[in-house]
Every structure is written in C-alpha cells, then in structure tokens.
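Side chains included, hydrogens not; waters and symmetry mates left out as well; all remaining heavy atoms used. Remember, predicted model here, so these are calculated numbers, not experimental data.
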Amino acid sequence: MWNWRDFELANHGVNGEPKEENFRFEQCPYPVDIQKDEVLIKTLYLSTDPALRCRMNESTGVDYVGPWQIGETIEGFGGVGSVMKSLNPEFVEGDLVCSQYGWPWKEYFVKKPDKSFQKVDKSLVGGKISYCLSILSLTGLTSYLGLTEKGHIQPSHTLVISGAAGACGSLAGQFGRLKGCDRVIGICGSDEKCKYLTDELGFYGAINYKTQNIKDELSKHCPKGIDVYFDNVGGTISDQVIKQMNKDSHVILCGQISVYNKDVPYPPPIPEETQQCLQQNNITRERFLVLNYPEKFDESLKQIAEWLLSGKIKVKETVAEGLVNAGPAFVSMMRGGNIGKQLIHVASP
C-alpha cells in the first residue's frame with residue numbers, strides 16, 4: 001500500500017509497430033506530502049489513444065505535444081481520478097476529477113490543478129465515470145465537431161467512416177445518423193465489428209476491408225456517391241473512398257492510423273492520383289484538430305449529453321484491468337484489438 005506504480009517508456013520506436021517491450025512497469029515511493037494548492041490524485045481510469053503513437057518518435061510532428069522521454073513516466077491525454085488529499089481551495093477529499101490532457105500513467109500523483117482539471121458532473125455520466133474519457137470527452141467532441149465544422153453534414157448526405165468501430169468512428173456514425181444522414185457506411189477490420197456497427201449502432205452498412213473489395217462494396221452501399229468521409233485511417237482505404245466522392249464533398253481528416261507506425265509527416269503525403277481527384281472534384285481535405293474549437297465545446301457537449309441520457313447513443317468501451325496492462329492495451333489498440341474507446345481501469349473510487 002506504500003508503493004505507487006507508473007509506466008516508463010523503455011525505448012523509442014520510429015518505424016514499426018509498438019511492442020510491449022517498449023514499456024516498463026515500475027514501483028515508486030508513495031507521495032506522502034503535498035504543498036499549498038496541490039492535490040493528491042488516485043487514478044481510476046486512463047485513456048489510451050492512437051495519437052499517442054507519435055510521442056514514441058524523437059519528433060511528434062505536431063506542436064501541441066512533445067515526445068516521451070526514455071526512462072520517464074509516460075504522460076497520456078485523459079484520465080479520471082479521485083482526490084485523496086487537498087491543499088487546494090477548489091477541491092476537497094473525495095472529489096472526482098478528470099482531465100483531457102497531461103494525465104500521467106501512475107496510480108497516484110501530486111498535481112497543482114490547472115484549467116484542464118475539472119470536477120466530474122455525476123448527473124451527466126449516469127454512474128459511468130469512464131464516459132468522461134469517451135463520449136463526454138475530446139473523443140466525443142472530435143466526432144461531433146468534425147462532422148459539423150469540417151463535414152458540413154446535411155440530412156441528405158451519405159457518410160462513410162473508416163476505423164468505424166473505434167472510439168471516434170463509432171460515435172461519428174451515430175451522430176451522423178442522428179443528424180439525419182441518408183446513409184452511414186462503416187469500414188472496419190472484422191466481421192464482429194461490422195455486425196456491431198449495423199446491428200447495434202444503426203449503420204446502414206459495413207465493409208470488412210480485410211475480406212471484401214472496398215471499391216465494389218462502396219459502389220453497392222453508396223449508389224449516389226459519397227458526400228462526407230470521416231477519415232480515421234488514411235492509406236489505400238482512403239484512396240478508394242475518395243475516388244467515389246461527389247463534387248464539393250468533404251473529407252474530415254481525423255486520424256491516419258495506417259501510417260502512424262511510419263516516420264512520415266502529418267498529414268502524410270497522398271498519391272498523385274488521389275490528389276488530382278480531390279482537386280478535380282473540389283473536395284475539401286483539411287487537417288482537423290478539435291482543440292481549435294473551444295468556444296463550441298459547451299454547446300456540443302450539451303447536445304451529446306442529451307442524446308446519451310435519452311438512450312439515443314450506445315457507448316462501447318474496451319477496458320483493460322490494472323495499470324500493469326497499460327502498455328499491452330496500447331499495443332493491442334494499435335493493432336485494432338479494441339471496439340469503441342480503449343481504456344485502462346486502474347482502481348475503484
């Protein structure tokens with residue numbers, strides 16, 4: 001009980017898939033003392049996100065996060081925890097808190113809370129505090145605002161989503177359906193995921209890119225062409241989708257997981273044929289970063305929460321048990337082992 005635990009990055013990997021040996025699990029002294037304005041946090045849940053892969057490189061390719069340092073505690077994006085001690089007037093022992101940025105992979109840590117730390121509104125999460133890291137988080141906001149701000153979604157639209165059974169994809173498809181899209185088509189990597197999309201989430205159709213011909217299936221499911229493409233993967237899948245997009249349509253550049261294991265710039269370069277298709281059909285394809293829309297967060301979360309509390313949205317989470325499994329869970333997620341949001345359950349309140 002007098003030890004705390006963290007995950008350290010054992011070695012960098014620029015090209016290639018992350019491996020479990022990239023991570024090291026260690027025990028450290030329990031933080032007994034805290035200073036003025038600080039709090040002692042017990043981690044309950046951690047978020048693992050594909051975008052963290054860039055932090056395993058010497059250069060992340062983005063300006064809002066830096067690379068992980070070998071031998072130092074890993075800092076992820078989001079986390080949910082409980083306040084164990086407080087010398088901060090804004091927090092008391094027992095408060096549930098969450099942050100979408102800068103949460104260390106530790107069981108216990110001391111923090112001087114900044115604006116990113118917020119108390120959890122239990123009435124919104126309905127007893128599921130993990131929702132603070134999935135639907136009621138930057139993940140949900142990315143899915144929603146991507147559609148509205150970059151996709152310019154309309155009721156008559158045909159929406160195609162790659163990585164459709166992942167954290168953002170599974171939500172974006174439901175949001176598109178609730179916004180009235182004529183058809184929502186998901187692309188994913190297993191029959192189990194396809195069945196989940198159509199049977200549980202209400203997608204019009206789903207395509208298994210590993211066993212089906214993407215071009216033929218898109219033509220079958222999207223006879224009027226594609227108006228909006230929510231792109232989570234990039235690569236050859238996206239090349240196939242873009243070729244069937246309508247004039248004046250929109251690509252939401254959310255992620256490019258197919259190339260995260262390669263040392264290429266972000267967004268990665270695309271084939272000349274695909275670039276010509278974008279230009280000839282006046283298709284927008286702009287980098288999307290949800291952090292650029294803070295003024296829209298409150299209104300968007302209100303809409304998402306209304307849908308959630310009314311039962312119009314289903315939330316799927318893949319949860320690994322224990323901090324010791326954080327590294328393996330990250331590796332599994334990067335190989336497509338998750339459905340919905342990949343989380344780590346570290347402890348109970």
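- In terms of hydrophobic clustering, with Ile, Leu, Val, Met, Phe, Trp and Tyr side chains grouped at heavy-atom distances under 4.5 Å, Leu291 and Leu253 are assigned to a common cluster.
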Practice item. Evaluate the side chain to side chain contact (heavy atoms under 4.5 Å, CB included) criterion for residues Leu197 and Cys188: first the C-alpha distance (whole Å), next the side-chain angles of each, then the deciding distance (0.1 Å), finally the verdict. Key: CA-CA 9 Å; Leu197 296 180; Cys188 53; 3.9 Å; yes
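- Looking at Asp49 and Lys341, a side-chain N of the basic residue comes within less than 4.0 Å of a carboxylate O on the acidic one, giving a salt bridge.
- Looking only at side-chain heavy atoms (C-beta outward), Lys247 and Gln280 stay at 4.5 Å or farther from each other.
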Exercise for review: Go through the steps to decide whether Ile237 and Ser258 satisfy the test side chain to side chain contact (heavy atoms under 4.5 Å, CB included), and finish with yes or no.
Suggested key: CA-CA 9 Å; Ile237 290 176; Ser258 69; over 6 Å; no
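- Met334 and Tyr260 make their closest contact through CE-CB, 4.1 Å (heavy atoms, listed as atom of the first residue, atom of the second, distance).
- The local environment of CD in Gln279 is crowded, with over 12 non-hydrogen atoms from other residues, nucleotides or ligands closer than 6.0 Å.
- One finds the NE2 atom of His157 at 6.5 Å from the NE2 atom of His250 (value rounded to the nearest 0.5 Å).
- Not one N or O on the side chain of Thr274 forms a donor-acceptor pair closer than 3.5 Å with the backbone of Ile270.
- Side-chain heavy atoms closer than 4.5 Å link hydrophobic residues (I, L, V, M, F, W, Y) into clusters, and following such links, even through other members, never connects Leu44 to Val92.
- The two atoms that bring Leu52 and Trp105 nearest to each other are CD1-CZ2, 4.2 Å, heavy atoms only.
- Using a 4.0 Å cut-off between charged nitrogen and carboxylate oxygen, Lys85 and Glu38 do not count as a salt-bridge pair.
- Remark: Ile283 CD1 to Leu278 CG distance equals 5.0 Å, nearest 0.5 Å.
- With salt bridges taken as basic N to acidic carboxylate O contacts below 4.0 Å, one links Arg24 and Glu26.
- Residues Val97 and Val80 have side chains not in contact (no heavy-atom distance under 4.5 Å, counting atoms from C-beta outward).
- The environment of Lys42 atom NZ is dense: over 12 non-hydrogen atoms of other residues, nucleotides or ligands sit within 6.0 angstrom.
- Counting only heavy atoms from C-beta outward, the side chains of Asn208 and Ile187 never approach each other to under 4.5 Å.
- Between Phe203 and Gly173, the closest heavy-atom pair is CZ-CA, 3.5 Å.
- Put simply, the side chain of Asn22 never gets that close to the backbone of Pro18: no donor and acceptor are under 3.5 Å apart.
- Using a 4.5 Å heavy-atom threshold, the side chains of Leu323 and Phe25 count as touching.
- Between Ser162 and Tyr229, some side-chain heavy-atom pair lies under the 4.5 Å cut-off.
- Note that the CG atom of Leu178 and the CD atom of Gln174 stand 7.0 Å from one another [nearest 0.5 Å].
- With 3.5 Å as the limit, one finds no donor-acceptor pair spanning the side chains of Asn246 and Ser249.
- With hydrogens and angles ignored, the 3.5 Å screen pairs a side-chain donor or acceptor of Asn281 with a backbone N or O of Cys277.
- Residues Ser137 and Leu301 come closest through the heavy atom pair N-CD2, 4.4 Å.
- Remark: side-chain polar atoms of Ser143 are paired, donor with acceptor, to backbone N or O of Cys168 under 3.5 angstrom.
- Here the closest heavy-atom approach between residue Thr43 and residue Ala347 is recorded as O-CB, 3.6 Å.
- Shown here is Asp114, whose CG atom has more than 12 heavy atoms of other residues, nucleotides or ligands within 6.0 Å.
- Between the side chain of Gln275 and the backbone N or O of Pro271, no donor-acceptor pair lies under 3.5 Å.
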Review point. Would Ser238 and Asp231 satisfy side chain to side chain donor-acceptor pair (under 3.5 Å), going step by step from the backbone distance to the final call?
Key: CA-CA 7 Å; Ser238 293; Asp231 185 6; 2.8 Å; yes
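- The environment of Lys119 atom NZ is dense: over 12 non-hydrogen atoms of other residues, nucleotides or ligands sit within 6.0 angstrom.
- The existence of a salt bridge linking Lys128 and Glu317 is confirmed by a sub-4.0 Å separation between a basic side-chain nitrogen and an acidic carboxylate oxygen.
- Contact check on Arg335 versus Glu17 returns a salt bridge, with a Lys/Arg side-chain nitrogen under 4.0 Å from an Asp/Glu carboxylate oxygen.
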Exercise for review: Give the C-alpha distance, both sets of side-chain angles, the deciding distance and a yes or no for side chain to side chain contact (heavy atoms under 4.5 Å, CB included) between Leu46 and Val346.
Suggested key: CA-CA 7 Å; Leu46 288 172; Val346 179; 4.1 Å; yes
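- In this structure, Phe23 has its ring center under 6.0 Å from that of Phe330.
- Rounding to the nearest 0.5 angstrom, the gap separating the CD atom in Glu200 from the CD1 atom in Ile339 is 8.5 Å.
- A salt bridge links Lys150 with Glu286: at least one charged nitrogen is closer than 4.0 Å to a carboxylate oxygen.
- Applying side-chain contact (heavy atoms from CB on, under 4.5 Å) to Leu145 and the options Thr142, Leu147, Thr148 leaves one that passes, Thr148.
- A distance-only check finds a donor-acceptor pair linking the side chain of Trp68 to the backbone of Glu75 [under 3.5 Å].
- Proximity of Pro113 to Asn88: side-chain heavy atoms (C-beta onward) are separated by under 4.5 Å at one or more points.
- Ser134 has its side chain out of reach of Thr139: every pair of non-hydrogen atoms, C-beta onward, lies at least 4.5 Å apart.
- Counting heavy atoms from C-beta on, the side chains of Phe109 and Thr73 never come closer than 4.5 Å.
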Check your understanding: Given the rule in the ring pair (Phe, Tyr, Trp, His ring centres under 6.0 Å) test, do Trp103 and Phe117 qualify, once you have shown the distances and angles that lead to the verdict?
Key -> CA-CA 10 Å; Trp103 197 286; Phe117 262 67; 5.4 Å; yes
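- In this structure, Glu217 contributes its side chain and Ile207 its backbone to no donor-acceptor pair below 3.5 Å.
- With hydrogens and angles ignored, the 3.5 Å screen pairs a side-chain donor or acceptor of Gln100 with a backbone N or O of Cys132.
- One finds the CD1 atom of Ile135 at 4.0 Å from the CD1 atom of Ile313 (value rounded to the nearest 0.5 Å).
- Side chain of Arg177 to main chain of Arg183: no donor-acceptor pair is present (N/O by atom type, distance under 3.5 Å, no hydrogens or angles).
- Taking 4.0 Å as the cut-off between side-chain N and carboxylate O, Lys312 and Glu306 do not count as a salt-bridged pair.
- The two residues Gly79 and Leu133 have their closest heavy-atom pair at N-CD2, 3.3 Å.
- In this structure, the separation between CG on Asp37 and CD1 on Ile34 is 10.0 Å, given to the nearest 0.5 Å.
- Residue Glu299 qualifies as open at atom CD: its count of foreign heavy atoms under 6.0 Å is 12 or below.
- You'll find the ring centres of Phe288 and Tyr293 inside the 6.0 Å limit.
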Point to revise | Stepwise side chain to side chain donor-acceptor pair (under 3.5 Å) test for Gln244 and Ser219 | key: CA-CA 8 Å; Gln244 299 196 38; Ser219 297; 3.2 Å; yes
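- Salt-bridge annotation for Glu192 and Lys195: absent, with no side-chain N of the basic residue lying under 4.0 Å from a carboxylate O of the acidic one.
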Point to revise | Thr236/Asp239 under side chain to side chain donor-acceptor pair (under 3.5 Å): CA gap, chis, key distance, verdict | key: CA-CA 5 Å; Thr236 57; Asp239 294 337; 5.9 Å; no
